[in-house]
There are 2 protein chains.
Amino acid sequence: MTKDMHPTRERILDAAEELFAQRGFEGVSIRQIMTKAEADVSLAYYHFESKRDLFDQVMLRRVEYLNEIRLKALEDVEKRHPDDEPTVEEIIGAFTQPLLTLLAEDHDKWSHYYQLIAQINNSPDRGGELMSRYFDPLVSRFIDALKRVLPDSDPADLYWSYHFLSGALTLTFAETGRIDNLSGGLCRSTDVASVIDRMPAFVAAGFHALCKN
Amino acid sequence: MTKDMHPTRERILDAAEELFAQRGFEGVSIRQIMTKAEADVSLAYYHFESKRDLFDQVMLRRVEYLNEIRLKALEDVEKRHPDDEPTVEEIIGAFTQPLLTLLAEDHDKWSHYYQLIAQINNSPDRGGELMSRYFDPLVSRFIDALKRVLPDSDPADLYWSYHFLSGALTLTFAETGRIDNLSGGLCRSTDVASVIDRMPAFVAAGFHALCKN
DNA sequence: ATTGAATTTCAACAATCGTTGAACTAGTAT
DNA sequence: ATACTAGTTCAACGATTGTTGAAATTCAAT
């Protein structure tokens, strides 16, 4: 139990995570967060330095764990192939499946955090900067692995392929309900199992089409 | 010249479009918009009913034209195949190329509007609702065309494939600069030509992999 | 020159914003 | 009992928010 377990601090982070995810940083006030957390407004400034710091701590609370399990998934794939090379599908699976599995297993815990990531990834203002800070070391590790599997491909093709993957993945995280409308209820944004079944195949085919050897 | 050409109104819409795109609806104040538009604060309420109405008019100003040219592109593809069926690549090209061509030809005019769409598409709050209102009639038309080309595919596969396409396309529109960081400058978010060269191939391969006949 | 409508300016409103300092409570160690 | 620290409450600050009403200006039509 090395985790910071102060209960009030955790309640504030939970409330902030949900509200930031739904309405963005500027769309939510400290008062709304503290009302949802059932705590006094001033407690926000006892446990955090500022609104911006609160936002940063919301991001930091879960990002480290995510990067850990995704790195481990990639290392497991590589260990499974001590002599030959893994497939593109296996590497992409290591990138996406840990996230999707968490979401499927405990939707209430992860959905808001993923929605927040979706918003940041598509935010022209500081989205690139924030996503790079939190995820690029891990992403570079994955792209290196893909370079090894596709050694004769143009690196630009690989980066753009990752870009398309990133867009597809984070729109899934946003869970906007649009696919529900569009399909007349046939598909549901929150149906993670359907995404697990389909996204790796879709994305891997895109990589193969673009990053030919 | 049937367009509404009131110059002040257009300047307000231009300023609002750029600021909403960068910082979101709640991240921008009327005063900031009117300062950029070099007009008095009250003029916002002479030309528009409210901040929300201003936002809606920013959206409406360009959406009709976009839907027109994309529908025309699809009809052109279909006219080119009076007897046989067009390819998946052709239909996806009709969906994406008109948008990307506009962006390549007049980046200053369209980039902010596209950034706004990227943000809305990934906004958990009202993103699904807004995107459906503005684009779903057109999108349904495209999915129907794809159903005709892939008659034996599961419709759910088609809707999810479109979902992945939508995510890849709108993250491109966001132009966050992340691919610039990640690739160490090799790729640039604003390089539309690179996207035109790659996205249709990537996405079409995904459709084929998922929506087999 | 005068009317009248369209457009713009100026001043202000109540509400809410992020943030702070001082007082208060609870519990632990001396 | 006392002192100390962590956690919490209360009241308020200056600034900014969306919005409005009335006055001033512009300009074409009479």
Side-chain angles (χ1 to χ4, degrees), chain A residues 1-61 112 116 119-120 123 125-126 129-130, chain B residues 1-61 112 116 119-120 123 125-126 129-130:
Chain A
M1 192 68 56
T2 69
K3 285 279 289 291
D4 208 357
M5 283 302 279
H6 196 294
T8 304
R9 190 186 137 96
E10 293 288 308
R11 280 207 334 276
I12 299 174
L13 285 170
D14 287 341
E17 181 177 83
E18 181 168 346
L19 291 176
F20 283 150
Q22 280 162 6
R23 301 206 285 270
F25 179 75
E26 335 241 9
V28 181
S29 71
I30 299 270
R31 282 170 178 81
Q32 292 170 326
I33 293 170
M34 300 308 284
T35 298
K36 181 178 261 289
E38 294 180 293
D40 188 272
V41 206
S42 299
L43 275 178
Y45 293 88
Y46 178 77
H47 291 281
F48 304 94
E49 290 180 8
S50 62
K51 189 185 181 185
R52 183 106 257 158
D53 179 53
L54 171 55
F55 180 87
D56 290 339
Q57 299 306 322
V58 166
M59 285 300 295
L60 286 169
R61 180 165 61 148
H112 300 128
L116 190 54
Q119 257 197 309
I120 292 173
S123 158
D125 196 21
R126 314 159 51 88
E129 171 200 337
L130 285 176
Chain B
M1 192 69 55
T2 69
K3 285 278 292 291
D4 208 358
M5 282 301 281
H6 195 296
T8 304
R9 191 186 135 97
E10 293 288 309
R11 281 208 332 277
I12 299 173
L13 286 170
D14 287 341
E17 182 178 82
E18 180 168 348
L19 291 175
F20 282 150
Q22 279 163 7
R23 301 207 285 270
F25 178 76
E26 336 241 8
V28 180
S29 72
I30 299 269
R31 281 170 179 80
Q32 292 170 326
I33 292 170
M34 300 308 287
T35 298
K36 181 177 261 288
E38 294 181 292
D40 189 272
V41 206
S42 298
L43 274 177
Y45 293 88
Y46 177 77
H47 291 283
F48 305 94
E49 289 180 7
S50 63
K51 188 184 180 185
R52 183 106 255 159
D53 178 51
L54 170 56
F55 180 88
D56 289 339
Q57 300 305 322
V58 166
M59 284 300 296
L60 285 169
R61 179 165 62 147
H112 301 128
L116 190 53
Q119 256 196 314
I120 292 174
S123 159
D125 197 22
R126 314 160 49 90
E129 172 200 336
L130 285 177

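Here is the naming used below: chain letters follow the sequence lines, and residue numbers restart at 1 for every chain. On a predicted model such as this, the values are computed, not experimentally measured, just so you know.
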Walking along DNA chain D from 5' to 3', note the first and the last nucleotide with an atom under 4.0 Å from a heavy atom of chain A, and give both. D:dA6 to D:dA12
Output for pair (B:His47 NE2, B:Leu13 CG), nearest 0.5 Å, gives 10.0 Å
Closest heavy-atom contact between A:Leu54 and A:Ile33? CD2-CD1, 4.1 Å
Contact span of DNA chain C against chain A, any nucleotide atom under 4.0 Å from a heavy atom, 5' to 3', runs C:dC17 to C:dG21
Name all pairs fulfilling the salt bridge (charged side-chain N to carboxylate O under 4.0 Å, His left out) condition that reach into residues 16-45 of chain B, sequence neighbours left out, sorted by first residue then second. B:Glu17-B:Arg61, B:Glu17-B:Arg62, B:Glu18-B:Lys36
List in chain and number order the residues that pass salt bridge (charged side-chain N to carboxylate O under 4.0 Å, His left out) with B:Glu129, two or more places apart in sequence or in another chain; answer none if no residue qualifies. B:Arg126, B:Arg133
CG of A:Leu19 to CG of A:Leu116: how many Å apart, nearest 0.5 Å? 11.0 Å
Inspect the surroundings of CD in B:Gln32 and state if more than 12 heavy atoms from other residues, nucleotides or ligands are less than 6.0 Å away. yes
With a 4.0 Å heavy-atom cut-off, tell me which residues in residues 23-52 of chain B come close to DNA chain D, sorted by residue number. B:Val28, B:Ser29, B:Ile30, B:Arg31, B:Val41, B:Ser42, B:Tyr45, B:Ser50, B:Lys51
Steps toward side-chain contact (heavy atoms from CB on, under 4.5 Å) verdict (A:Phe48, A:Asp56): CA-CA 10 Å; A:Phe48 304 94; A:Asp56 290 339; over 6 Å; no
Check whether any side-chain heavy atom of B:Gln57 sits under 4.5 Å from a side-chain heavy atom of B:Asp53, and report yes or no. yes
Nearest non-hydrogen partners of A:Ala44 and A:Ile30, listed with the distance: CB-CG2, 3.8 Å
With sequence neighbours left out, the residues meeting ring pair (Phe, Tyr, Trp, His ring centres under 6.0 Å) with B:Phe55 are B:Phe20, B:Phe25
